[in-house]
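Reading through the structure tokens given below for one structure.
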Amino acid sequence: MPELPEVEVTRRSLTEQMVDAVVHEARLGKSLRWPLGCTEASLAGRVVGALQRRGKYLWMPLSARPMAAATEDAGGLLLHLGMSGSLAFGRDLVPAGAHDHFELTTSRGTLRLTDPRRFGAVIWSSGPGDARAAKLLSALGYEPFDPSFDGPQFHRLLKVRRAPIKAVLLAGQVIVGVGNIYASEVLFRAGIDPRLRSNRISQARAHRLLAAIRQTLERAIALGGSTLRDFRDAYGSAGAFQAEALVYGRAGLPCPNCGAPIRRLEQGQRATYFCARCQRR
DNA sequence: AGTTAAACCTGGTTGC
DNA sequence: TGCAACCAGGTTTAAC
């Protein structure tokens, strides 16, 4: 489910409800991708800080006591929603089901991670120097909305890769947050063939692609993300961007721009949707 | 080092 | 209806 817009929508809805909450109890059910890395009891009494996002990861600061200086205790939880994860928060959640794998009971309500496929993760990190967290975050590319990231820099990074542009976007080593839905969508909006090799992209088209990424992700965030099957924000609301998808999941349907049938192909074991007439090599 | 395939899981949909 | 095959929003790991 979750690409950058869904994770960002989750971050915002969670932060509104959870900042300053005091943790009462943590409960881990079926194992997720990795072990938690601390005892559940060691989270009790900690105070939730403002959530941050890096790529598709969420960072929840958990201070050992109220008003602790950041330098004094920079610990917290690193969360990833994987393919099918979502987070819910509230005082009266429905009883936990078979796919609810992590719960954090707090003074303001209960945070619950639901993830049928269990590709998601919750790991304790003691701070920036934490090796496990650093390993996950260190190879990540630029944030799409980082103001210091611009078209020329994007172009330079694309020039040194030979994989198809779709694969380069998905890999997240150049720019983070673009998953399988939005990769097809941004390439359509930029008029670029997903099979085009990254190093063959001109500077002008790189600029156009970056602009399309920013506009598309921004619009998706504004619409609460995409809900294909089960994504919900922390209030339980579904997203609406899927209704504005121009090519994703629309094989055989007419291109909204030229009417030619949208094509589906496979790249790196993932489906890609595009219009062979509007998107050029 | 870069690129590609396999692996991790479960559930819903499609087709015979 | 039953059941196999295929599909799904991600990322790590191993292998060319």
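Note on naming: letters A, B, ... go to the chains in the order of the sequence lines (proteins, then strands), and numbering restarts at 1 for each one.
- A:G179 comes within 4.0 angstrom of sugar-phosphate atoms only, judged by non-hydrogen atoms across all strands, and of no base.
- Atoms CG (A:L169) and C1' (C:dG9) sit 16 Å apart, rounded to a whole Å.
- Stacking of A:F119 onto the six-membered ring of B:dC8 is present: less than 5.5 angstrom between centres, less than 30° between planes.
- For the pair A:L79 CG and C:dT11 P, the interatomic distance rounds to 14 Å; values are reported in whole Å.
- Between A:R270 and the phosphate of C:dG10, there is a side-chain N or O to OP1/OP2 separation shorter than 4.0 Å.
- For B:dC9, there is no paired nucleotide, since no Watson-Crick or G-U wobble pair has both relevant distances below 3.5 Å.
- Following rounding to the nearest Å, A:L32 (CG) and B:dC8 (C1') show an atom-to-atom distance of 12 Å.
- Salt-bridge annotation for A:R189 and A:E185: present, with a side-chain N of the basic residue lying under 4.0 Å from a carboxylate O of the acidic one.
- Using a 4.0 Å cut-off, no side-chain N or O of A:K56 falls inside it from OP1 or OP2 of C:dG9.
- The base of B:dC9 is paired with the side chain of A:R117 by a donor and an acceptor separated by under 3.5 Å.
- Remark: A:Y57 is not in phosphate contact with C:dG10, judged by side-chain N or O atoms under 4.0 Å from OP1 or OP2.
- One can place CD of A:Q173 at 10 Å from C1' of B:dA1, the figure rounded to the nearest angstrom.
- Between A:Q269 atom CD and B:dC8 atom P the separation is 13 Å, expressed in whole Å.
- If you check every strand for non-hydrogen atoms under 4.0 Å, A:R264 touches sugar and phosphate atoms only.
- Hydrophobic cluster membership is shared by A:I192 and A:L158, with clusters built from Ile, Leu, Val, Met, Phe, Trp and Tyr side chains linked at under 4.5 angstrom.
- Across all strands, A:A271 comes closer than 4.0 Å only to sugar-phosphate atoms, never to a base (heavy-atom distances).
- Ring orientation note: the planes of A:Y142 and A:F149 are close to parallel, at an angle under 30° on the 30°/60° scale.
- Of the residues near DNA chain C, A:G177 and A:E266, the one whose nearest nucleotide (by heavy atom distance) lies more toward the 5' end is A:E266.
- Here, B:dA6 and C:dC6 have their P atoms 14 Å apart, quoted to the whole Å.
- For the P atoms, the distance from B:dA5 to C:dC7 is 16 Å, rounded to whole Å.
- Each of A:K159, A:H155, A:Q153 was scored for a side chain to side chain contact (heavy atoms under 4.5 Å, CB included) with A:L157, with one residue passing: A:Q153.
- Between B:dG11 and C:dT12, the distance separating the two P atoms is 24 Å to the nearest Å.
- Checking the phosphate oxygens (OP1, OP2) of C:dG10, no side-chain nitrogen or oxygen of A:H80 falls inside 4.0 Å.
- Out of B:dT10, C:dG10, C:dT13, the shortest distance to the side chain of A:E3 is found at C:dG10.
- Between A:R33 and C:dT13 there is no side-chain N or O to OP1 or OP2 distance below 4.0 Å.
- Checking the phosphate oxygens (OP1, OP2) of B:dT4, no side-chain nitrogen or oxygen of A:K166 falls inside 4.0 Å.
- When the side-chain nitrogen and oxygen atoms of A:R229 are compared with OP1 and OP2 of C:dA8, none of them lie within a distance under 4.0 Å.
- The distance between atom CH2 of A:W34 and atom P of C:dT13, rounded to the nearest whole Å, is 7 Å.
- Contact between A:L170 and A:R270 at its shortest, heavy atoms only, is CD1-CG, 4.2 Å.
- Rounded to whole Å, atom P of B:dG11 lies 21 Å from atom CZ of A:F231.
- Atoms CZ (A:R53) and P (C:dG10) sit 14 Å apart, rounded to a whole Å.
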Does A:E103 form a side chain to side chain donor-acceptor pair (under 3.5 Å) with A:T110? I'd like the steps, not just the answer. CA-CA 7 Å; A:E103 280 193 352; A:T110 298; 5.6 Å; no
